[in-house]
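In this text the structure is predicted, and so the values were computed from the model without any measurement.
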Amino acid sequence: MTEESAAETQSESLFQAPPMGEQERMVEAVLFASAEPVSVRDLEARMPHGCDAAEALVRLRKRYDGRGVQVLKVGDAWAIRTAPDLGFLMQKETVETRKLSRAAIETLAIIAYHQPVTRAEIEEIRGVSVSRGTVDQLLEMEWIRFGRRKMTPGRPVTFVVTPEFLDHFGLESARDLPGLKELRSAGLLENRLPPSALPTVGDGEDDDEEIGAGQPELFED
Amino acid sequence: MTEESAAETQSESLFQAPPMGEQERMVEAVLFASAEPVSVRDLEARMPHGCDAAEALVRLRKRYDGRGVQVLKVGDAWAIRTAPDLGFLMQKETVETRKLSRAAIETLAIIAYHQPVTRAEIEEIRGVSVSRGTVDQLLEMEWIRFGRRKMTPGRPVTFVVTPEFLDHFGLESARDLPGLKELRSAGLLENRLPPSALPTVGDGEDDDEEIGAGQPELFED
Amino acid sequence: MSVVERVAAEALIVDVDGFEGPLDVLLTLSRTQKVDLRKISVLQLARQYLGFVEKAKALRLELAADYLVMAAWLAFLKSRLLLPPDPTEEGPSGEELVAHLAFQLERLQAMRDAAARLMGRDRLGRDFFARGQAEDVTRIKTVTYTATLLDLMQGYARIRTRDEFRPFVMDRESIFTMEQALDRMRPLIGFAGTWTDLTSYMPEGWHSDPVRRRSATASTFAASLELVKEGHLEIRQTDTFAPIQLRRKDEGS
């Protein structure tokens with residue numbers, strides 16, 4: 001009996017588990033390097049014989065308390081994760097400013113000049129249909145909003161511009177938008193007459209002018 | 001003057017950087033989240049305005065001294081890596097690196113210790129021509145890259161080691177290569193020209209070794 | 001050649017493929033001298049090397065040209081070292097050549113040792129490890145749209161005066177539309193029985209100005225594709241950037 005127990009003690013010391021500080025280091029390294037959360041059982045399978053991964057985890061968790069990363073339980077396993085309050089560091093925000101599309105500007109202009117105006121009316125004025133995306137975009141920008149329904153058959157919704165719109169364009173009210181005459185006198189319109197007939201292509205150098213007229217729809221969104 | 005300085009103080013407090021302890025947490029979170037080293041500049045770009053990432057890194061490095069993971073400097077950047085003595089726990093994570101030929105290992109060492117170094121200089125040191133495959137393999141592993149051209153006749157391209165090389169071998173910089181100082185003081189890193197009568201590589205028929213003279217430009221950075 | 005040397009040379013020959021050039025052979029041979037590389041007898045080394053080459057020849061082993069160049073040079077060096085110096089001769093002295101060869105050997109050995117130390121370091125992915133679960137930086141892109149009052153007024157003016165006026169900002173005189181190209185091509189393709197270059201369908205007066213040429217080329221090409229889609233035309237290009245050619249597609253074929 002004495003011999004046996006002596007042998008036991010010896011083998012115990014031979015396979016003695018590393019000190020808890022070391023075990024904590026091990027758990028730290030494994031949790032860091034592992035591609036997925038690691039269970040206590042998996043930790044102990046990796047660590048030297050006799051280790052107490054659960055205890056090492058408790059200590060490690062405490063050590064990371066309040067740090068930039070935390071030791072968290074994910075299901076049955078453990079992982080290191082960014083502290084929730086620092087999540088903003090993992091995001092990179094970029095703001096890109098783009099010019100509003102021509103379709104959107106025209107739609108917006110019609111709403112501003114004709115409000116309250118229905119979609120059908122906008123389409124009639126523009127001569128082309130108004131895509132849903134265009135209206136949604138303007139709604140999302142909060143430059144237009146839904147107005148009252150028209151008291152016409154079908155009671156269609158109308159669109160009006162918002163205070164945000166007025167604010168952005170520096171207007172007191174939509175009535176302050178300049179009229180056609182003013183636009184012309186401001187030089188925004190050219191008094192050039194369009195070519196009387198659609199020219200045939202390939203007539204030579206005279207075909208410069210004809211393009212503006214029916215063209216814009218091609219570039220519609 | 002007083003007004004100005006008052007305004008300054010106010011704007012300073014408005015954009016005041018977080019306390020150093022918080023900055024340390026932030027650096028900790030970012031480094032933990034990244035598999036690649038992160039430069040001080042990138043850290044500061046992600047942190048709030050006015051942060052001193054370099055100082056936070058110094059503190060963080062000290063904090064992790066002796067732990068299961070360490071804060072390492074790799075070239076101009078910083079990374080967290082597991083402590084080398086715990087590698088035995090990471091059998092599951094071990095990456096099988098492609099076995100390098102003797103020629104590739106020697107070529108790599110010559111580039112590391114002699115950089116920036118031309119192909120002709122590598123050949124002079126090894127006494128044999130450098131095969132294209134060897135260089136390609138090292139380039140592909142991203143352990144070497146093309147450096148600046150030498151201002152010598154023919155303006156040959158040079159090779160230098162990369163941050164990936166430093167990361168792989170756990171080096172802070174190429175100046176920390178083992179034995180570099182001794183080699184330098186022994187004059188073994190000098191580029192001593194051979195007396196004219198010595199044979200040079202390439203005198204022979206080593207046709208398949210010739211690397212199209214114009215080729216390296218392709219890889220110029 | 002001593003017995004030891006001969007044994008060494010034979011061992012080398014068996015392994016001749018394993019050598020990385022003549023300098024490598026010299027370095028290996030120098031080890032048999034069992035002295036510091038700086039104190040090496042180059043004369044003896046030259047003899048050893050020449051013995052190695054002779055032996056290889058006797059065994060009908062093909063040595064690469066590099067090895068033979070080195071042999072010739074060592075033979076020259078040997079004679080230099082054995083004969084009294086000729087004061088009229090130009091070029092480096094035997095001592096200088098010996099010194100440089102010793103330097104080369106020492107440097108190569110040093111690089112090999114350095115390589116071994118380098119490869120023996122703790123290495124990423126083997127001894128130390130990076131984060132296994134890296135968190136990507138999520139990029140949040142916010143697009144804000146903007147327009148000016150001028151844009152708005154011009155937009156409105158454009159709509160309201162479409163039938164009367166041409167807003168002066170619209171500068172489209174250099175644009176040839178696909179519709180125009182189609183109109184131009186439809187009557188012409190009936191005559192294209194053989195492969196004809198695309199550029200011959202471009203309108204008159206659109207060749208010289210690069211902006212107009214670009215527009216006309218693009219629209220003519222787009223119109224060609226449209227006609228191919230409609231089954232009126234075949235299109236081909238023999239190589240990248242080669243001319244694009246068109247041919248009428250016979251109905252029913």
Side-chain angles (χ1 to χ4, degrees), chain B residues 31-36 46 70 72 79-87 90 93-97 100 102-103 105-106 108-110 112-114 124-129 167-171 177-180 183 186-190 192-199 201-206, chain C residues 18-27 64-74 76-77 80 90-94 96-101 103-137:
Chain B
L31 291 192
F32 259 90
S34 174
E36 313 289 324
R46 285 165 75 171
Q70 302 185 332
L72 298 182
I80 296 183
R81 300 283 182 250
T82 62
D85 67 303
L86 299 177
M90 253 60 81
E93 282 76 28
T94 301
V95 197
E96 278 305 318
T97 34
L100 285 176
R102 204 174 120 192
I105 291 171
E106 282 181 25
L108 178 65
I110 291 168
Y113 284 82
H114 289 260
E124 156 73 13
I125 293 167
R126 295 195 63 230
V128 71
S129 43
D167 194 18
H168 184 88
F169 290 99
L171 292 162
L177 284 162
L180 186 75
L183 287 169
L188 290 168
L189 300 182
E190 280 164 31
R192 239 184 259 178
L193 282 176
S196 51
L198 266 177
V201 184
D203 285 3
E205 303 290 318
D206 45 348
Chain C
F19 282 106
E20 302 264 338
L23 216 50
D24 187 23
V25 172
L26 280 171
L27 196 58
D66 281 358
Y67 291 86
L68 303 179
V69 171
M70 180 59 87
W73 183 77
L74 284 171
F76 160 78
L77 178 64
R80 262 269 166 110
E90 299 271 315
S93 69
E96 280 171 325
L97 296 176
V98 164
H100 190 75
L101 184 62
F103 169 71
Q104 276 184 298
L105 291 175
E106 198 188 351
R107 184 173 59 180
L108 181 58
Q109 187 57 54
M111 277 303 110
R112 292 208 169 146
D113 295 343
R117 285 173 77 177
L118 185 65
M119 300 314 278
R121 281 184 71 85
D122 288 331
R123 287 160 67 177
L124 180 66
R126 190 188 74 179
D127 306 292
F128 61 94
F129 295 83
R131 182 78 162 120
Q133 248 183 321
E135 287 172 51
D136 286 332
V137 176

* To do: Would you sort out whether C/Arg107 and B/Glu190 count as a side chain to side chain contact (heavy atoms under 4.5 Å, CB included), showing the intermediate values?
  => CA-CA 9 Å; C/Arg107 184 173 59 180; B/Glu190 280 164 31; over 6 Å; no
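Residue B/Glu36 places its CD atom among 12 or fewer non-hydrogen atoms of other residues, nucleotides or ligands, all under 6.0 Å distant.
Between B/Arg102 and C/Asp24 a salt bridge is recorded (basic side-chain N to carboxylate O distance below 4.0 Å).
Each of C/Glu106, C/Gln109, C/Met111 was compared with B/Leu188 under the side chain to side chain contact (heavy atoms under 4.5 Å, CB included) criterion, and only C/Glu106 meets it.
Both the backbone and the side chain of B/Phe169 come within less than 4.5 Å of a heavy atom in chain C. When heavy atoms are compared at a cutoff of 4.5 Å, C/Arg121 approaches chain B solely by way of its side chain, counted from C-beta outward. In this structure, the portions of C/Ala114 lying under 4.5 Å from any heavy atom of chain B include both its backbone and its side chain. For B/Thr94, the parts lying under 4.5 angstrom from a heavy atom of chain C are both the backbone and the side chain. With a 4.5 angstrom heavy-atom cutoff, B/Ala79 does not touch chain C via any of its atoms. Both the backbone and the side chain of B/Ile110 come within contact range of chain C, judged by heavy atoms closer than 4.5 Å. In this structure, no portion of B/Leu180 lies under 4.5 Å from any heavy atom of chain C. For B/Leu31, no part lies under 4.5 angstrom from a heavy atom of chain C.
Side-chain contact between C/Leu23 and B/Val128: absent, with no pair of heavy atoms (C-beta onward) separated by less than 4.5 Å.
Looking at C/Arg131, its side chain does come within 3.5 Å of a backbone N or O of B/Phe32 through a donor-acceptor pair.
Residues B/Gly127 and C/Pro22 come closest through the heavy atom pair O-CD, 3.8 Å. Heavy atoms only, all atoms of each residue included: C/Leu108 and B/Arg126 are closest at CD1-CA, 3.9 Å. Between C/Ala115 and B/Ile105 the shortest heavy-atom distance is CB-CG2, 3.6 Å.
Residue with the most contacts toward chain C among B/Ala83, B/Ala186, B/Gly87, B/Ala112: B/Gly87 (heavy-atom pairs, distance under 4.5 Å). Between chain C and the residues B/Leu189, B/Leu72, B/Leu171, the largest count of heavy-atom pairs under 4.5 Å involves B/Leu171.
In this structure, the separation between CG on B/Asp85 and CG on C/Asp127 is 10.5 Å, given to the nearest 0.5 Å.
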